[in-house]
Amino acid sequence: TPPAGSFDATAAQRGRAVFEGGGRCASCHQGEHRTEETLHAASEIGQDGAYAARTATRRYRTTPLRGLFQHAPYFHDGSARTLQAVVDHYVRQMGLNLTDGQKADLVEYLKSL
């Protein structure tokens, strides 16, 4: 459970709507705790394929999001220092049209998982 006061609950509620809607996050991060696994080619998610190439599937596993607040830095190579950096990456990669407010709410939702 995230520490008390570590996220804004009202913003997190709005962020959940972004996660499930315009952010398109729920298409990969599925299940009650956003932990069901899906696999992606490196090009789909904008990551270097070197790490995936060393795996049996040659793909990246969708990261389970439960307890995400305690697992920085993010991505397999640690290239995203913050959840904001993760959100910004996927906004660019997926061509999402999210406002700064929606991105901030999405970060609060991720911190609440």
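- Taking K111 as the reference, E108 meet the salt bridge (Lys or Arg N to Asp or Glu O under 4.0 Å) condition, with sequence neighbours excluded.
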Can you give me every donor-acceptor pair (side chain of residues 68-77, partner residue at least two apart or in another chain, under 3.5 Å) with its distance?
unit_1: Y74; atom_1: OH; unit_2: L68; atom_2: O; d: 3.2
unit_1: D77; atom_1: OD1; unit_2: S79; atom_2: N; d: 3.0
unit_1: D77; atom_1: OD1; unit_2: S79; atom_2: OG; d: 2.8

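- Scored by the ring pair (Phe, Tyr, Trp, His ring centres under 6.0 Å) test, F19 finds Y109 as partners (sequence neighbours excluded).
- Shown here for Q102 and N97, the closest heavy-atom pair between the two residues is OE1-O, 4.0 Å.
- Test L96, D105, T82, V107 against V87 for side-chain contact (heavy atoms from CB on, under 4.5 Å) and you get one pass: V107.
- For the residue pair V86 and A80, the shortest heavy atom distance occurs at CG2-CB, 3.7 Å.
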Do any side-chain atoms of residues 4-12 form donor-acceptor pairs under 3.5 angstrom with protein atoms, and if so which ones, sequence neighbours left out?
unit_1: S6; atom_1: OG; unit_2: P3; atom_2: O; d: 2.7
unit_1: D8; atom_1: OD1; unit_2: T10; atom_2: N; d: 3.0
unit_1: D8; atom_1: OD1; unit_2: A11; atom_2: N; d: 2.9

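- With sequence neighbours left out, the side-chain contact (heavy atoms from CB on, under 4.5 Å) criterion links Q13 to no other residue.
- Within the 4.5 Å cutoff, the side chain of L65 has no heavy atoms near those of the C25 side chain.
- Taking each heavy atom of E20 and A26 in turn, the nearest pair found is CA-CB, 4.0 Å.
- Not one N or O on the side chain of R24 forms a donor-acceptor pair closer than 3.5 Å with the backbone of G21.
- With values rounded to the nearest 0.5 angstrom, L39 atom CG is found 5.0 Å from T57 atom OG1.
- Residue pairs satisfying the salt bridge (Lys or Arg N to Asp or Glu O under 4.0 Å) criterion with at least one member in residues 92-104, sequence neighbours excluded, are listed as follows: D88-K103, D100-K103.
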